[in-house]
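Keep in mind that what you see is a predicted model, and the values were worked out from it rather than measured. Each ligand, and each atom within it, is numbered from 1 in the order the structure gives.
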Amino acid sequence: MVAGLDEKLEPIYQDVLRRNPGETEFHQAVREVLETLGPVLVKYPELADQKIIQRICEPERQIIFRVPWQDDRGQIQINRAFRVEFNSALGPFKGGMRFHPSVYLGIIKFLGFEQIFKNALTGLPIGGGKGGSDFDPKGKSDSEIMRFCQSLMTELYRHIGEHTDVPAGDIGVGQREIGYLFGQYKRITNRYESGVFTGKGLSWGGSRARTEATGYGTIFFLEEMLKVRGESIEGKTCIVSGSGNVAIYAIEKAMAMGARVIACSDSNGVVVDQDGIDLDLLKQIKEIERRRLTSYVQEKTSATYLEDGCIWNIPCQVALPCATQNELTAKDAQCLIKNGCIAVAEGANMPTTPEGIRVLLEAGIPFGPGKAANAGGVATSALEMQQNASRDSWSFEHTEQRLQQIMVNIHRHCYETSEEFDAQGNYVVGANIAGFLKVGQAMAALGLV
Ligand code: GLU
């Protein structure tokens with residue numbers, strides 16, 4: 001069953017559908033936000049008069065460009081890249097770049113749209129944007145990655161800047177790619193403008209704890225949700241989908257706080273290790289050797305590998321979707337509940353389908369939506385920008401403490417907003433409304449721009 005939209009919001013949504021045909025993930029992200037905004041327009045009619053919702057749904061600027069590059073065999077390859085500069089009411093556009101063959105405008109727009117609210121929730125001065133390319137980094141050599149990044153930046157450099165638009169990583173883009181992108185930006189512009197990128201290496205302007213931040217932040221948020229129910233992550237059995245940057249550091253922090261993490265996954269299958277995931281081995285395989293998860297079970301024979309398996313079928317108390325969009329469906333949610341799951345926090349962006357969310361909420365399961373629960377990554381990016389602006393470099397402990405405080409604040413803000421709008425403990429309502437109000441009020445103050 002699809003929830004209805006408020007009568008004022010339905011025509012706005014219909015307009016989004018008409019103006020952005022075929023962009024299904026974008027439609028989904030917009031709909032989820034609009035479903036929660038009805039009561040806001042009643043309470044803040046001036047935001048409706050100012051057409052803030054209609055304006056928020058339209059990116060300020062969208063750039064689509066060709067990225068030609070040569071592979072190691074000398075063959076010419078052509079990719080398409082995007083940068084969607086969605087909203088700059090609170091600060092420069094801010095958001096990662098995703099390199100994945102599934103990337104098209106609809107994915108970048110859903111991510112950029114989510115980013116507006118997520119970034120607002122951090123309480124830090126960052127607007128929302130996102131970029132990426134349909135380039136597939138899998139199986140590419142280091143030189144191919146470099147040539148691709150350099151070609152992409154040869155166009156993108158003119159659109160970004162520390163006060164304009166500040167990209168970072170996302171799926172398929174980590175410190176290596178940021179390095180090549182930043183290097184080419186520096187070369188073309190002749191400026192060492194550290195603040196134009198986040199997710200940089202420590203020796204060239206990066207922040208301590210940025211690598212860990214998204215995963216750690218998700219666990220900090222989860223702990224706050226559990227606290228409300230008189231629970232804690234300690235001693236809980238967890239499963240974490242994915243095995244990339246977010247998943248690895250969610251596992252690390254969950255384990256450090258006393259959880260038992262027994263499964264993770266990649267696009268080919270699931271690893272189940274009842275001894276608890278061997279984090280050193282996982283990091284070695286994914287971060288250093290860049291191999292598939294099948295290598296994990298070759299090294300650790302006590303673990304099992306479920307080819308094409310669904311991670312959500314594995315009994316757990318806490319489920320952390322940290323892979324990609326729409327990976328947790330209604331059926332998966334039902335299975336989690338049946339097996340005794342008591343909380344779900346999203347480390348990835350929009351990993352739970354709308355029907356999946358509905359099943360979890362109706363069952364009263366605390367559910368942390370990505371725009372709140374995974375905001376620790378971009379929040380720490382904003383801390384990296386602060387360090388760059390003051391030419392400073394903070395300790396790991398200090399940076400992590402700031403991150404934790406930000407996640408505690410986001411949780412409180414979302415919770416209190418959910419109470420204010422008669423949906424106590426519904427973090428979807430809380431996050432959407434709290435994020436929307438912050439951006440909407442800034443937009444109204446800035447006039448019709
Ligand atoms: N890609 C991350 C996200 O989805 C981080 C963005 C950033 O650090 O700018 O929030």
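For K130, the heavy-atom gap to ligand 1 drops under 4.0 angstrom. Heavy-atom separations between Q115 and ligand 1 include at least one value shorter than 4.0 Å.
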- Message: Working note: N432 + K371, criterion side chain to side chain donor-acceptor pair (under 3.5 Å); need CA distance, chi angles, decisive distance, verdict.
- Response: CA-CA 8 Å; N432 288 345; K371 55 171 89 67; 2.8 Å; yes

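Counting only distance, with no hydrogens or angles, the side chain of K236 and the backbone of R260 share no donor-acceptor pair below 3.5 Å. Listed for the N20 side chain is a donor-acceptor partner under 3.5 Å among the backbone atoms of V16. Using modelled atom types, one side-chain atom of K200 and one backbone atom of S194 make a donor-acceptor pair closer than 3.5 Å.
In R98, neither the side chain nor the backbone holds a heavy atom less than 4.0 Å from any atom of ligand 1. Residue contacts with ligand 1, taken as heavy atom pairs separated by less than 4.0 Å, involve N349 solely via side-chain atoms from C-beta onward.
Under a cut-off of 6.0 angstrom, the local environment of CZ in R292 is crowded, with over 12 non-hydrogen atoms contributed by other residues, nucleotides or ligands. Within 6.0 Å of NZ on K331 lie no more than 12 heavy atoms contributed by other residues, nucleotides or ligands.
Residue-ligand proximity, G95 to ligand 1, at heavy-atom distances under 4.0 Å covers atoms 9 (O). Close approach of ligand 1 to A168 is summarised as follows: ligand atoms under 4.0 Å from at least one heavy atom of the residue are 7 (C), 8 (O), 9 (O). Close contacts between ligand 1 and S381 involve ligand atoms 7 (C), 8 (O), 9 (O) [criterion: under 4.0 Å to a heavy atom].
Residue G169 places at least one N or O, backbone or side chain, under 3.5 Å from an N or O of ligand 1. Considering backbone and side-chain atoms alike, R210 places an N or O below 3.5 Å from some N or O of ligand 1.
Less than 6.0 angstrom separates the ring centroid of F99 from the ring centroid of F148.
With respect to atom 10 (O) of ligand 1, the closest heavy atom belonging to the protein is K118 NZ, 2.8 Å. Shortest contact from atom 6 (C) of ligand 1 to any protein heavy atom: G96 N, 3.6 Å. For atom 9 (O) of ligand 1, the closest heavy atom belonging to the protein is K94 NZ, 2.7 Å.
M153 is listed as a side-chain neighbour of I160, based on a closest heavy-atom distance under 4.5 Å.
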